[in-house]
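Letters A, B, ... are given to chains in the order of the sequence lines, protein chains preceding strands, and every chain is numbered from 1. Just the heavy atoms: all of them, side chains too, but no hydrogens, waters or symmetry mates, feed the values below. Computed from a predicted model, the values in this text were never measured in an experiment.
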Protein chains: 2
Amino acid sequence: MQEKTKNSLIHFDVNNFVSGQSVDCVIFGFENGELKILALKWKVPGEFWALPGGFVFKDEDLDKAAIRVLKERTGIDIPFLEQFKTFGKVDRRDNDILVKNLKSIEVNKKMVDWFGNRFISTGYLSLVDIRKCSLTADLSSEAIEWFNLEDLPDLIYDHKEMVKTALKYVQNQINYLPIGLNLLPEKFTMKELQMLYESILGRKLDRGNFQRKMLKLEIFIRHEKQLEGGAHKAPYLYSFDKEKYQELLDKAIGFVS
Amino acid sequence: MQEKTKNSLIHFDVNNFVSGQSVDCVIFGFENGELKILALKWKVPGEFWALPGGFVFKDEDLDKAAIRVLKERTGIDIPFLEQFKTFGKVDRRDNDILVKNLKSIEVNKKMVDWFGNRFISTGYLSLVDIRKCSLTADLSSEAIEWFNLEDLPDLIYDHKEMVKTALKYVQNQINYLPIGLNLLPEKFTMKELQMLYESILGRKLDRGNFQRKMLKLEIFIRHEKQLEGGAHKAPYLYSFDKEKYQELLDKAIGFVS
DNA sequence: ACAAAAGTGTTTATAATACACCCATGA
DNA sequence: TCATGGGTGTATTATAAACACTTTTGT
């Protein structure tokens with residue numbers, strides 16, 4: 001894009017956007033048995049981390065805006081994000097940080113007005129396989145990084161609250177919806193799936209019971225054993241039977257209604 | 001706030017509002033064993049029914065706006081509404097209806113622009129006791145009415161979808177949260193509570209099992225028998241033990257997290 | 001042979017479901 | 001007294017939870 005300037009914020013035309021409305025994305029990733037969250041570092045002096053977020057075009061569906069914004073800001077290209085809550089407190093944006101940000105870029109009057117506005121932000125979430133994501137921070141970001149839940153840095157505005165809410169949302173969903181299709185590699189062990197569940201729920205589960213409960217769902221295909229491994233019995237490899245997985249999703253959603 | 005902006009569409013000053021953002025309320029009521037929904041009829045030629053909705057003041061939290069809008073448009077004064085989803089499709093508002101509405105009022109340029117805008121609307125819901133509600137339609141409404149779910153008339157825009165989504169939301173919640181405190185009269189029979197559940201879930205439940213399941217929650221106070229009644233054994237009257245009810249609410253919410 | 005982790009089985013407790021029985025009441 | 005609906009009991013099945021036993025594998 002525009003190479004001559006260091007910050008892409010300067011170039012966008014506020015007239016193209018719905019004023020006062022933004023979207024923010026909570027992206028959960030899973031790797032090495034750990035649940036992680038994606039954050040961007042602002043290109044301003046100081047340590048300002050934020051969720052990937054952005055604005056909504058006037059002729060764009062809100063859901064579509066979330067997908068586009070995520071793609072633009074992180075490089076992650078996924079066809080669906082789940083809306084989980086809209087954040088509408090008047091003072092949800094911290095003015096000090098805002099001013100700092102504005103000063104760091106070549107502001108014009110219109111931009112100041114735009115950023116000075118009160119914004120209502122709709123939160124979207126998704127769970128992704130970290131290894132399938134090639135991250136590309138956009139021009140307004142200095143860094144992009146996966147953080148473990150426990151050592152997530154301070155986030156600007158109410159973004160920390162967004163993360164908490166998103167996590168609760170997923171924890172709740174996990175009770176009646178299958179999970180893992182886009183989070184785990186094609187083939188995985190039951191141990192890996194269990195670690196995913198444990199990292200989302202934040203507690204240990206019984207190995208035997210977990211295995212039986214999962215297999216009873218009948219959404220798995222069992223493959224040959226994996227050869228590599230430690231000094232122990234080699235575990236089976238599974239993959240999702242995508243048809244049955246989708247059926248279960250549909251059934252569960254239908255059941256709720 | 002602004003006194004004269006209070007009720008009528010003609011008088012309100014669009015400058016006071018966040019542009020492009022609205023709230024709509026799905027209010028469920030319960031009476032005579034039937035679940036009902038509140039709708040307003042627009043003061044325009046034709047039959048245009050809509051959910052009670054409105055706009056958000058620039059210095060007002062989104063949650064607060066929903067409470068105020070409901071009060072202004074229906075007279076219902078409740079301290080809390082539950083946000084369930086934000087509707088952000090570009091074409092969610094039907095332009096024909098919109099134009100009809102604009103023509104029926106004394107439009108000025110600013111108003112036309114305002115209503116011509118694309119609006120993103122956040123849906124809020126609540127469950128209320130119909131007998132405790134004294135309804136007062138606002139000046140922009142010709143009528144206000146409770147409708148049975150089955151004979152709900154056509155609603156404008158995407159309001160029918162909002163109702164469906166809200167209902168699913170409540171059906172889902174009922175599985176892990178107690179319900180009924182603000183929906184039933186102070187004293188009620190188990191039969192009445194069961195009818196409430198059945199009307200929300202849309203299916204019959206077993207009488208004996210329902211009773212036992214409820215009583216095991218230990219959130220009820222059992223009173224003396226009701227004297228009136230048909231040719232049968234008089235049922236017990238119950239009321240909610242509000243402390244324990246709240247405890248259960250908190251516990252369930254805490255459990256999800 | 002042994003430790004480690006996988007696979008599977010057993011036991012117990014709890015919850016869901018279906019339905020049966022008796023009781024109180026007004027007509 | 002009898003039909004009606006209310007309160008309660010029981011038997012069956014399903015699910016959850018805790019934990020034990022056996023198997024495979026590399027060292």
Side-chain angles (χ1 to χ4, degrees), chain A residues 32-33 171-172 174-178 180 184-185 187-239 248 251-252 255-256, chain B residues 32-33 171-172 174-179 184-185 187-239 248 251-252 255-256:
Chain A
N32 301 327
Q171 286 172 340
N172 186 37
I174 217 176
N175 290 318
Y176 56 93
L177 290 181
L184 294 172
K187 294 184 182 183
F188 51 88
T189 63
M190 270 298 147
K191 169 104 190 196
E192 286 175 299
L193 186 62
Q194 185 178 340
M195 284 171 85
L196 170 58
Y197 271 74
E198 288 177 340
S199 65
I200 288 173
L201 292 173
R203 62 188 166 93
K204 291 284 162 199
L205 301 171
D206 182 276
R207 190 173 55 87
N209 295 334
F210 179 82
Q211 181 133 237
R212 229 172 308 112
K213 197 167 161 181
M214 284 298 125
L215 292 178
K216 201 162 46 176
L217 295 176
E218 298 189 321
I219 56 173
F220 299 95
I221 299 165
R222 184 149 112 173
H223 301 274
E224 294 315 302
K225 296 188 174 198
Q226 70 179 162
L227 304 175
E228 308 285 311
H232 55 77
K233 189 173 179 176
Y236 286 110
L237 281 172
Y238 294 88
S239 57
L248 187 60
K251 208 175 74 183
F255 179 69
V256 173
Chain B
N32 301 329
Q171 286 172 340
N172 187 34
I174 217 176
N175 291 319
Y176 57 93
L177 289 182
I179 208 169
L184 295 171
K187 294 183 181 182
F188 52 88
T189 64
M190 270 300 145
K191 170 104 190 195
E192 288 176 299
L193 185 62
Q194 186 178 339
M195 284 171 86
L196 170 60
Y197 271 73
E198 288 178 340
S199 66
I200 288 173
L201 292 173
R203 63 189 166 93
K204 291 283 164 201
L205 302 171
D206 182 275
R207 189 172 55 86
N209 295 334
F210 180 80
Q211 181 133 238
R212 229 171 309 110
K213 196 167 160 180
M214 284 299 125
L215 292 179
K216 201 162 46 173
L217 295 176
E218 300 189 321
I219 55 173
F220 299 95
I221 298 165
R222 185 148 114 174
H223 301 274
E224 294 316 301
K225 296 186 175 201
Q226 72 179 160
L227 304 175
E228 308 286 309
H232 55 75
K233 187 170 177 178
Y236 287 110
L237 280 172
Y238 294 89
S239 58
L248 188 60
K251 207 174 73 181
F255 180 68
V256 172

Excluding sequence neighbours, so at least two apart, what forms side-chain contact (heavy atoms from CB on, under 4.5 Å) with E192(A)? F188(A), T189(A)
For Q211(A) and dT8(C), is the shortest distance between a side-chain N/O and OP1 or OP2 below 4.0 Å? no
Here the distance between atom C1' of dG6(D) and atom CE of M195(B), to the nearest Å, is 15 Å
For Y236(A) and H223(A), the nearest pair of non-hydrogen atoms, with its separation, is CD2-O, 3.7 Å
Euclidean distance, atom NE2 of residue H223(A) to atom P of dA6(C) [Å, nearest integer]: 18 Å
Quick one: E224(A) CD to dT24(D) P, roughly how many Å, whole number? 15 Å
When rounded to whole Å, the CD to C1' distance for the pair Q194(B) and dG5(D) reads 12 Å
In whole angstrom, what separates F188(A)'s CZ from dA6(C)'s P? 15 Å
Using the side-chain contact (heavy atoms from CB on, under 4.5 Å) criterion, which residues pair with L217(B)? Sequence neighbours excluded. M214(B), I219(B), L248(B)
Rounded to the nearest Å, what distance is computed from the OH atom of residue Y236(A) to the C1' atom of nucleotide dA5(C)? 14 Å
At under 4.0 Å between heavy atoms, which parts of nucleotides 11-24 of chain C does protein reach? Answer with one letter per nucleotide, 5' to 3': B base, S sugar-phosphate only, - none. ----S-BBB---BB
I want to check something: taking the side chain as every heavy atom from C-beta on, are E224(B) and L237(B) in contact at a cut-off of under 4.5 Å? no
What is the distance from CG of N175(A) to P of dT15(D), rounded to the nearest Å? 16 Å
For the pair made of NZ in K191(A) and P in dA4(C), what is the distance, rounded to whole Å? 13 Å
Any side-chain heavy atom of N175(B) sitting closer than 4.5 Å to one from Y176(A)? no
Whether the side chain of Q194(A) engages the backbone of Q211(A) through a donor-acceptor N/O pair (distance < 3.5 Å, no angle test) should be reported. no
Kindly point out which of dA6(C), dG7(D), dT8(C) is positioned nearest to the side chain of R222(A)? dT8(C)
